[in-house]
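By convention in this document, chain letters (A, B, ...) are assigned in the order of the sequence lines, proteins followed by strands, and residues within each chain are numbered from 1. Worth knowing before you read on, the calculation uses all heavy atoms, side chains too, and leaves out hydrogens, waters and symmetry mates. Bear in mind that the values here come from a model prediction, so they are computed numbers and not experimental data.
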There are 2 protein chains.
Amino acid sequence: MDMASLQDVDFRQLIALREVARERSFGRAAQALGYTQSAVSQQIASLERLLGGPVFDRPGGPKPVELTPLGTLVLGHADTLLGQVAAADAELRAFARGQHGSLSVGTFQSVSVQLLPQIVSRFRPLHSGIDLRLQESDDLDELVDGLREGRHDLSFVVVTDDLDGLEVLELFDDPFVLVSPPGEVSEGDSVQLDQLAELTMIGEFDTPCQRQLDADLRRAGVSDLNVVFRSTDNGAIQAMVRAGVGHALMPALAVDADDPAVRLQRMDPQLPPRTIGLAWRAQRSMSPAAAEFVDIARQVGLAMQERQGQLEPAG
Amino acid sequence: MDMASLQDVDFRQLIALREVARERSFGRAAQALGYTQSAVSQQIASLERLLGGPVFDRPGGPKPVELTPLGTLVLGHADTLLGQVAAADAELRAFARGQHGSLSVGTFQSVSVQLLPQIVSRFRPLHSGIDLRLQESDDLDELVDGLREGRHDLSFVVVTDDLDGLEVLELFDDPFVLVSPPGEVSEGDSVQLDQLAELTMIGEFDTPCQRQLDADLRRAGVSDLNVVFRSTDNGAIQAMVRAGVGHALMPALAVDADDPAVRLQRMDPQLPPRTIGLAWRAQRSMSPAAAEFVDIARQVGLAMQERQGQLEPAG
DNA sequence: CCATGTCCATCAGCATACCTGATGGATATG
DNA sequence: CATATCCATCAGGTATGCTGATGGACATGG
């Protein structure tokens with residue numbers, strides 16, 4: 001009969017225990033808790049049945065009830081447990097407000113330059129309780145794997161068709177622009193695509209991005225670019241352009257647009273832009289903080305899309 | 001609607017959460033817990049209603065269910081809480097076996113000499129988990145107050161009629177004996193009471209014990225003892241006797257009976273013996289350890305009573 | 001493309017648990 | 001000895017939790 005254990009107690013019983021101990025009276029405890037005296041009596045009785053002994057001595061009459069040694073012991077644990085519950089409760093409320101927990105976001109270089117700082121600078125002050133972890137990788141596959149294996153909650157991606165199992169929010173299109181040393185190419189906002197073959201170029205190594213670019217160029221009839229330097233670092237490429245080594249085709253996002261020492265020109269006809277998206281595992285619940293991050297990313301992406309639209313010529 | 005909190009969750013729901021998370025399946029968790037799948041489904045559903053969001057993502061079909069971020073957070077707290085409960089449970093079981101908690105026992109000098117060591121040496125090995133605190137005091141009133149105010153769980157007492165509110169277990173009678181230097185008094189087991197007036201005596205100061213003794217002697221017609229030395233330390237008194245300074249009337253309990261350098265003699269007629277008892281607050285529950293202590297004290301007291309009975313002459 | 005198997009959600013029904021309101025017994029107080 | 005103040009208990013209605021059966025969603029194999 002003593003096989004029953006604390007496993008079977010109810011928090012209400014522990015709360016009743018605590019209140020009766022504080023008030024030294026069943027009736028007053030009941031009043032404080034919003035129960036009838038009978039209810040508290042039964043709660044304590046049930047607790048005592050479970051424990052196998054009384055938790056209060058009832059002197060009878062107007063004398064206050066008093067904890068037994070057993071009651072004292074149990075009350076100590078009750079206080080611990082109820083405190084733990086209160087702490088957990090606070091944490092849950094913070095979580096619901098997006099103010100507790102961690103958020104791991106995968107990102108890659110071109111996103112990290114312009115987009116991510118804007119998002120983070122809006123997200124962080126609203127969610128100071130979140131442990132935001134940004135993990136950058138050059139390898140898009142690694143980011144996607146990180147998502148699939150649960151290492152990341154969200155990840156920026158370049159939208160392709162091999163994102164099975166992921167849900168992708170398309171944020172905006174990121175066109176390729178020609179980055180040139182000033183005064184080296186014709187004036188104007190755009191450059192004819194077939195002029196590229198005549199230029200000294202700087203490119204990336206064999207990255208997916210570069211591969212796609214090469215394929216798109218070939219499809220547009222341009223091949224065998226004269227690439228004299230390759231780097232995987234966008235900053236390095238831009239520095240090379242600045243130094244007059246050559247021209248580069250770069251995603252607009254990756255370019256430091258404030259650099260006065262380079263000129264940006266659109267291609268004509270346009271190369272197919274990369275679509276930048278934010279992805280997460282499909283059919284998986286998202287923490288409130290993650291949802292908020294996605295929403296902010298959506299807004300920032302929209303704003304960025306619009307800004308590019310303004311720069312873009314009608315034709 | 002989100003006003004509900006963790007306060008209202010049931011341990012069973014947390015256990016179900018833990019088991020489903022471990023098994024990654026409602027059905028298997030149900031089997032492990034001895035419920036039907038329906039029951040576990042309802043437990044989790046109820047938990048989710050309380051939390052305001054899902055704790056598992058159910059992909060549907062044979063795919064395993066998976067914790068949501070909310071579920072992960074709650075599971076962490078559930079583990080903490082359940083661990084705490086398990087610890088409390090273990091402690092309660094130890095308490096029930098008299099293997100956990102503290103036991104404060106008040107005592108006084110004459111008890112500490114013979115009786116208490118026997119009791120403690122039997123009690124301690126049986127209850128190694130108990131923090132046994134023995135507190136000795138010369139002042140019996142202090143011991144009784146300590147009981148009434150809850151500083152002690154038990155206390156040895158000399159039984160009197162002013163122990164209101166206490167429950168007293170009488171352990172045995174402790175007769176007064178005359179302690180004499182060898183060869184100073186007549187042979188035999190006992191001494192006539194009126195011979196005392198002729199002896200050089202050693203006594204205590206104005207203690208309740210001494211006061212009672214004086215009153216009893218006066219009632220028996222003996223007064224104005226020739227007391228040449230007083231001390232409150234029984235050992236010191238016995239040492240004085242050993243040194244031949246005089247005789248002492250001492251409670252038998254307080255005498256080191258193994259001392260070959262003194263003689264013990266009963267008084268004739270007998271002086272009213274002190275009754276040694278063990279007391280605790282009336283109507284108050286007692287810890288299992290305390291109950292065990294009382295029982296051991298009862299047994300040891302009984303044995304001591306019998307031993308004295310053997311030494312006592314029939315008349 | 002359909003049949004099958006494996007999940008979980010849902011429903012009805014029954015048993016149990018819990019609360020309320022009223023009553024009774026025990027204990028101090030005047 | 002009467003009264004007041006406690007808590008325990010009882011009867012009754014409601015809510016809750018479980019079982020067993022059924023249905024829908026998803027993946028797999030023919």
Side-chain angles (χ1 to χ4, degrees), chain A residues 4 7-17 19-51 53-68 71 164-165 167 281-285, chain B residues 4 7-17 19-50 53-68 71 148 164-165 167 281-285:
Chain A
Q7 212 83 323
D8 298 323
V9 300
D10 192 326
F11 279 124
R12 281 170 302 179
Q13 294 172 328
L14 297 182
I15 292 172
L17 172 68
E19 199 60 29
V20 172
R22 165 157 44 220
E23 298 279 1
R24 308 171 73 84
S25 152
F26 282 51
R28 282 194 298 278
Q31 196 168 358
L33 295 172
Y35 292 127
T36 56
Q37 171 262 320
S38 170
V40 171
S41 220
Q42 291 176 65
Q43 284 175 343
I44 299 294
S46 145
L47 178 62
E48 291 177 329
R49 210 174 313 126
L50 232 65
L51 295 172
V55 294
F56 289 107
D57 284 318
R58 291 93 154 159
K63 282 188 180 173
V65 299
E66 208 160 332
L67 280 169
T68 62
D164 304 325
E167 196 156 331
R281 287 206 282 183
Q283 318 287 0
R284 280 290 186 303
S285 298
Chain B
Q7 214 81 324
D8 297 323
V9 301
D10 192 326
F11 281 123
R12 279 169 303 178
Q13 294 173 327
L14 298 182
I15 293 172
L17 171 69
E19 199 60 29
V20 172
R22 166 155 47 220
E23 298 280 0
R24 306 170 75 84
S25 153
F26 282 49
R28 282 194 299 277
Q31 195 168 358
L33 295 173
Y35 291 126
T36 56
Q37 171 262 321
S38 171
V40 171
S41 221
Q42 292 175 66
Q43 285 175 344
I44 299 295
S46 147
L47 178 62
E48 291 177 329
R49 209 174 313 126
L50 230 66
V55 294
F56 289 108
D57 285 317
R58 292 95 156 155
K63 281 188 181 174
V65 299
E66 209 160 331
L67 279 170
T68 63
R148 291 215 174 92
D164 305 324
E167 196 156 331
R281 287 206 284 182
Q283 316 287 359
R284 282 289 185 306
S285 298

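- Between A:Ser41 and D:dA8, a side-chain N or O to OP1/OP2 separation shorter than 4.0 Å is present.
- For A:Glu66 (side chain) and A:Asp57 (main-chain N/O), no donor-acceptor pair under 3.5 Å exists by modelled atom type.
- Note on A:Pro64: nothing from the nucleic acid sits closer than 4.0 angstrom, heavy atoms only.
- A:Val20 places none of its side-chain heavy atoms less than 4.5 Å from the side chain of A:Leu67.
- Spacing between atom CZ of A:Arg24 and atom C1' of D:dT5 amounts to 16 Å, rounded to whole angstrom units.
- For B:Gln42, the side-chain hydrogen bond (donor to acceptor under 3.5 Å, both in side chains) partners at least two apart in sequence or on another chain are B:Ser38.
- Computed from coordinates, the B:Gln283 CD to D:dC7 C1' distance equals 15 Å when rounded to whole Å.
- For B:Pro62, the side-chain atoms get nearest to D:dA27 when compared with the rest of D:dA27, D:dT5, D:dC7.
- Rounded to an integer number of Å, the gap from A:Phe11 CZ to C:dC18 P is 15 Å.
- B:Ile44 has its side chain within reach of B:Arg58: a pair of non-hydrogen atoms, C-beta onward, lies under 4.5 Å apart.
- B:Gln37 has its CD atom 11 Å from the C1' atom of D:dA21, to the nearest Å.
- When the P atom of C:dG25 is taken as reference, atom NZ of A:Lys63 falls 22 Å away, rounded to whole Å.
- The salt bridge (Lys or Arg N to Asp or Glu O under 4.0 Å) search around A:Arg22 returns A:Glu19, not counting sequence neighbours.
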**Study point:** Letter per nucleotide, 5' to 3', of nucleotides 10-18 of chain D [B base touched, S only sugar-phosphate touched, - untouched; heavy atoms, 4.0 Å]
**Key:** B------SB
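- The distance from atom CG of A:Asp57 to atom P of C:dT27 is 13 Å, rounded to the nearest whole Å.
- A pairwise comparison of heavy atoms in B:Val65 and B:Pro59 identifies CA-CD, 3.9 Å as the closest pair.
- Along DNA chain C, the nucleotide nearest to B:Ala45 and the one nearest to B:Arg28 differ in position, and the one closer to the 5' end is contacted by B:Arg28.
- Using bins of under 30°, 30° to 60° and over 60° for the plane-to-plane angle, the ring pair B:Phe26/B:Phe56 lands in the perpendicular bin.
- Dashed line: the shortest gap from a side-chain N or O of A:Arg58 to OP1 or OP2 of C:dA26 is not under 4.0 Å.
- Distance CG (B:Asp164) to P (C:dA28): 12 Å, rounded to an integer number of Å.
- Atoms CZ (A:Phe56) and P (D:dA8) sit 10 Å apart, rounded to a whole Å.
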